Amino acid sequence: MQYHFNTIEAKWQKYWAENQTFKASNTSEKPKYYVLDMFPYPSGAGLHVGHPLGYIASDIYARYKRHKGFNVLHPQGYDSFGLPAEQYAIQTGQHPAVTTETNIKTYRRQLDQIGFSFDWSREVRTSSPEYYKWTQWIFIQLFESWYNNESNKAEEISSLIAVFASEGNANVNAVCDDNIEVFTAEAWNNFNQKEQEEILLKYRLTYLAETEVNWCPALGTVLANDEIVNGVSERGGHPVLRKKMTQWSMRISAYAERLLQGLDTIDWTDSLKESQRNWIGKSVGASVTFNVNNHEEVIEVFTTRPDTIFGVSFMTLAPEHELVSQITTPEQKAEVDAYILATAKRSERDRMADVKTISGAFTGAYAEHPFSKEPIPIWIGDYVLAGYGTGAVMSVPCGDQRDYDFAKHFNIAIPNIFEGVDISEEAYAAKDNVKIANSDFLNGMNYKKASKRAIYDLEQLGQGEGKTNYRLRDAVFSRQRYWGEPFPVYYVNGMPQMIDKAHLPITLPEVEKYLPTETGEPPLGRADVWAWDTVNNKVVSNDLVMSSEVETSQHNGVFPLELNTMPGWAGSSWYFFSYMEEKAKRGEDFASEDALNYWENVDLYIGGSEHATGHLLYSRFWTKFLKDRAFVGVEEPFKKLINQGMILGTSAFIYREDGTNTYLSQGLIKDKKVAPIHVKVQYVNASDELDIESLKNDAEFGADYKDAEFLLENGVYKVGREVEKMSKSKYNVVSPDAICEQYGADSLRLYEMFLGPLEQAKPWNTAGITGVHGFLKKLWKLYVGENGLNVTDVAATKDNLKTLHKTIKKVEEDIENFSFNTSVSTFMIAVNELTAQKCTSKEVLEPLLALVSPYAPHIAEELYSQLGNEGSIATVAFPKFDASHLVESSKNYPISFNGKMRFTIELPMDLSKDEIEKAVMSNEKTIAQLEGRTPKKVIVVPGKIVNIVG
RNA sequence: GCUCAAGUGGCGGAAUUGGUAGACGCGUCGGAUUCAAAAUCCGAUUCUUCGGAGUGCGGGUUCGAUUCCCGCCUUGAGUACCA
């Protein structure tokens, strides 16, 4: 009987589905283990071979843990809100829900055919109302919370209101907006409702505020910082502008320190932690207040170098700084205005691209040095960013290269405050090994001491204090799009009101088009039934909306709903908690307390590193928030995280000679001028030869080549190859479907692992797949011969057991270390050895199946059942390693001369050091190698090596 | 510029506390089987002037370095005027 993988794989996939083999239970005697993949966005193109890489790895681990006796939760779902479905809807008019459903079906079929052990009964879709009901609920909880710096956690807003009512806000230590005015309890109690709500909005963890946002005109929406790559939108590569808009924001900055500290408690790669550290961008220093001559206003700056305060020779404000217009003198006004206009015109991208050009303008105003009281000229310059710190810096040209360059360019003085340091060529930015000079009371001190002293003296003056700054900005949470979660928010008198939990979800309304309205409102502005009836608690027609100015007695209680939707990261920031609860029980709460306490957090998370500063940071933020409010019990969502490397495509090129319709085989190009053109990789074989007929018959592009001439070399057309990102536009996408059909899912699984270390990026090249496929055939033949089963009850030989236990040891170590590529080699070696040993012993061959099962589950199930076993192999115990089978009686010693191995000598293991040396030195090969020389030294490491020196 | 990875045969890669560099697979070459092909099986395959040399380059530590230390080069990823 032959290895019919298609039949076998279909059979077992059906068996697993019918028997719910991988359904996890929330009550179990076994220890729990939660393995999670970053869930996919179901795009129209379907899966390519790069997507399953991480899924295969996590599936191997999940299956391994089941063999090891764990209750494993290994769920899957879809991040199904998002831009591509909406863009497609705009083009075709099809409802995004319809295309999303179709795409999910394709994904599911593709995932099923690879044989993953997912518990599909817990599937999550971010776009389903049952799910986003809870996304809306979490949003409400954030709105109803503030961050108390005293308790260092989020608390219910009611506790803040209580403080306001009893003692005002003077002693409140909260994370809030900068522009908070101090008020008394009496004042608070006399504020009207709207005034109180306005104040509370400055404290809430999600808040509505006018902020500078990244506006992408092409996509018609704002974007978060992590959605912008190199100054253009991550999706589509469109330009992004700065724009002031009223938007929902998340006060993630409140969690900056905890997000930073928490990194030390989790098992993630260093590079990933480093990305998050950089993104959070903590810097410790001081805030310093400079008085402005002839003005009431003061300039506040943040500096990491308070020790260099006597080196300040000018101040620089961001052109957008609000004081600029007030302090600029009439003589300088024209120059300053021109400069501001010029910088406003430059896009973010231009500014970034051209860092070298120094520009700025003098305001004509002077600040006063806090200690020396000397006047300091105030400049504006675009190297100071409005969005970081206070948008103003104290410029110390001798200690900061940018200040130095600016001073040189505009001929500003560069006082030297470092003892014995030459600053004629460049600034001295290092903190160590230098003493401060020309700095009054700081003279002779080092960085640490001078900083401390400067802060102390500034505090005495009331002009500064120690301060820690973070680069992490609050995250914009509104999107002007249709295909996202609607906010559970309506507006009374311009103030946002939350809809009660009992009436969630607020489902997406129908619209006739998915574009912004003619007046520039988001697509939800097109909905006719999009108003909230506060009396009947339901969504009603917009026609019923009455102005909130109307007197209460006359008012029908209908108000307009929020028109923005939530960003893509909303649904993905908590989905891992949803999986913890069985679908039927996700009603009263997003997950029961029992479920949350049982599964705690994700033990192993596998996904791409592109989510380093987006999803992975936001998820940590929401988890910490939910923990603070006691909705979940854990501080971190993902205990261990592994990034799988990207699978790259191997693009194929044909070469058209310029000005002709002739295509040259790669070897014929020589000096000719040619244009390389991508061709679909499926028309190219493993030897880089193009199938010209198929290319000419291609439905999409065949017509382009109908009359083309192809010049061959040695009878074939050779294409050029190049490794690039796998992408539709490069025609190098390989779908797993064809591989599964031709070689089977087990071959695909093994091959993806065999390609190399999981974390490394690697090009996809199908050439080697015959190797692993051949291995599966050999494995099959070891069990099943032409006339039926080969396996017998004969006792295992010593060699059989040695091979088996060597394999158990290696595979177990490999899985624990996520070194799946080496396991595949180990299996090959084991099968080669057992075949050579003509092993038929069930005692060896049955445990071997449990080792193979996580990697190639279908063939393992089939052979396991052919051996006469009932049920699935999935929970069979992992074979136990027994070291006694590996004990050797002799060792083939490598004999090295000066560290270089020349030959080996077989010697018994129980020889002493001296006996080994004696045996080696008297060996004729040693004597021949030494050619009469006397060795200076002989190193003998019993059981390892002999090294002869001299 | 800064941060983090990584450089090993024709190719993907292995070598888990410093101890036989190149496991395993692909490809290539030779052979068996076959009328022939596919499939299958067997053998060879780092380079070499046959002394040796050799893990990006140059040093160092060590009896011994792909592995540890110092300096450089290259490639990839992330980040970008962060005061």
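These numbers come from the heavy atoms of this one structure, side chains and all, not from hydrogens, waters or symmetry mates. Keep in mind that what you see is a predicted model, and the values were worked out from it rather than measured. Numbered from 1 within each chain, the chains take letters A, B, ... in sequence-line order.
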Query raised in the report: Say you pick atom P in B/U66 and the same atom in B/U17; how far apart are they, in whole Å?
Result: 16 Å
Requested in this report: Please determine if A/Arg620 forms a cation-pi arrangement with A/Trp279, meaning its NZ or CZ atom is less than 6.0 Å from the six-membered ring centre and no more than 45° off the ring axis.
Outcome: no
Query raised in the report: To the nearest Å, how far apart are A/Tyr383 OH and B/A83 P?
Result: 13 Å
Requested in this report: Measure from the side-chain heavy atoms of A/Asn947 and tell me the nearest of B/A80, B/C63, B/C26.
Outcome: B/C63
Report task. Report the glycosidic orientation of B/G56: syn if within 90° of 0, anti in every other case. Result -> anti
Query - Spatial distance of atom CH2 (A/Trp379) from atom OH (A/Tyr339) [nearest 0.5 Å] - result: 10.5 Å
Report task. Measure from the side-chain heavy atoms of A/Thr770 and tell me the nearest of B/C63, B/A83, B/G27. Result -> B/G27
**Report entry** Check: A/Lys944 side chain, B/G64 base, donor-acceptor under 3.5 Å
**Finding:** no
Requested in this report: Check every strand shown and say whether A/Ser896 touches a base, only sugar-phosphate, or nothing at a heavy-atom separation below 4.0 Å.
Outcome: nothing
**Report entry** Nucleotide nearest A/Arg402 (side chain, heavy atoms from C-beta), chosen from B/C82, B/G19, B/U20
**Finding:** B/C82
Query raised in the report: Hey, does A/Leu53 have a side-chain heavy atom less than 4.5 Å from the side chain of A/Leu755?
Result: no
Query raised in the report: C1' atom, B/C73 versus B/G59: distance in rounded Å?
Result: 15 Å
Query - Nucleotide nearest A/Ala767 (side chain, heavy atoms from C-beta), chosen from B/A83, B/A23, B/C26 - result: B/C26
Query - Ring geometry between A/Phe410 and A/Phe406 (parallel below 30°, tilted from 30 to 60°, perpendicular above 60°) - result: tilted
Requested in this report: Check whether any side-chain nitrogen or oxygen of A/Lys937 sits under 4.0 Å from OP1 or OP2 of B/C63, and answer yes or no.
Outcome: yes
Query raised in the report: With a 4.0 Å cut-off on heavy atoms, is A/Glu274 in touch with a base, just the backbone sugar-phosphate, or nothing at all?
Result: sugar-phosphate
Requested in this report: Would you indicate what A/Asp814 reaches in the nucleic acid, counting non-hydrogen atoms under 4.0 angstrom: base, sugar-phosphate, or nothing?
Outcome: base
Query raised in the report: If we take the C1' atom in both B/A32 and B/C26, what is their distance in whole Å?
Result: 22 Å
Query raised in the report: Given B/A83, B/A23, B/U20, which nucleotide is nearest the side-chain atoms of A/Ser825?
Result: B/A23
Query - Of the listed nucleotides B/G12, B/G19, B/U79, the one nearest the side chain of A/Arg471 - result: B/U79
Query raised in the report: The side chain of A/Ile829 lies closest to which of these nucleotides: B/A14, B/A83, B/C24?
Result: B/C24
Query raised in the report: Looking for any heavy atom pair under 4.0 Å, which part of the strands does A/Lys777 touch: base, sugar-phosphate only, or nothing?
Result: sugar-phosphate
Requested in this report: Report yes if some heavy atom in the side chain of A/Ile895 is under 4.5 Å from a heavy atom in the side chain of A/Met901; otherwise report no.
Outcome: no
Query raised in the report: Which part of the nucleic acid does A/Pro763 contact within heavy-atom distance under 4.0 Å: base, sugar-phosphate only, or nothing?
Result: nothing
Query - Ion pair A/Glu813/A/Lys809, N-O distance below 4.0 Å - result: yes
**Report entry** Touch class at under 4.0 angstrom, heavy-atom based, for A/Ser271 against every strand present
**Finding:** sugar-phosphate
Query - Closest-nucleotide ordering on RNA chain B, the 5'-leading residue of A/Thr826 and A/Thr613 - result: A/Thr826
Query - Euclidean distance for C1', B/A15 against B/C70 (whole angstrom) - result: 25 Å
Query raised in the report: Counting side-chain heavy atoms from CB outward, which of B/A23, B/A14, B/C41 is closest to A/Lys778?
Result: B/C41
Query raised in the report: Is there side-chain contact between A/Tyr751 and A/Val824, with at least one heavy-atom pair below 4.5 Å?
Result: no
Requested in this report: Pick the C1' atom in B/G22 and in B/A44, then give their distance to the nearest Å.
Outcome: 16 Å
Query raised in the report: Base, sugar-phosphate, or nothing: which does A/Lys781 touch, judged by heavy atoms less than 4.0 Å apart?
Result: sugar-phosphate
Report summary line: 5'-most contact on RNA chain B (nearest-nucleotide basis), A/Gln760 vs A/Met828, goes to A/Gln760
Requested in this report: Report which part of the nucleic acid A/Arg902 touches: base, sugar-phosphate, or nothing (heavy-atom distance under 4.0 Å, all strands).
Outcome: sugar-phosphate
Query raised in the report: Whole-Å distance between B/A14 C1' and A/Leu755 CG?
Result: 15 Å
Query - Integer angstrom distance from the C1' of B/U45 to that of B/A5 - result: 32 Å
Requested in this report: Using Watson-Crick or G-U wobble geometry with both distances below 3.5 Å, tell me the partner of B/G1, or none.
Outcome: B/U79
Report summary line: Testing B/A53, B/G19, B/U20 for proximity to the side chain of A/Lys900, the answer is B/A53
Query - Side-chain heavy-atom pair A/Met394, A/Asp403 within 4.5 angstrom cut-off - result: no
Query - A/Lys762 NZ - B/G7 P separation (whole Å) - result: 13 Å
Query raised in the report: Do any side-chain nitrogens or oxygens of A/Asn643 fall under 4.0 Å of OP1 or OP2 in B/A77?
Result: no
Query raised in the report: Reckon A/Thr304 has a side-chain N or O less than 4.0 Å from the OP1 or OP2 of B/C82?
Result: no
Requested in this report: To the nearest Å, give me how far apart CZ (A/Phe820) and P (B/G12) are.
Outcome: 22 Å
Query raised in the report: For B/G25, does the glycosidic angle fall within 90° of 0 (syn) or outside that (anti)?
Result: anti
Query raised in the report: Base, sugar-phosphate, or nothing for A/Asp270, non-hydrogen atoms under 4.0 angstrom?
Result: nothing
Query raised in the report: Which nucleotide in the list B/A14, B/U3, B/A80 gets nearest to the side chain of A/Asn278?
Result: B/U3
Query raised in the report: How far, in whole Å, is B/U28 from B/C11 if one measures between their P atoms?
Result: 15 Å
Query - P gap between B/C72 and B/A80, integer Å - result: 27 Å
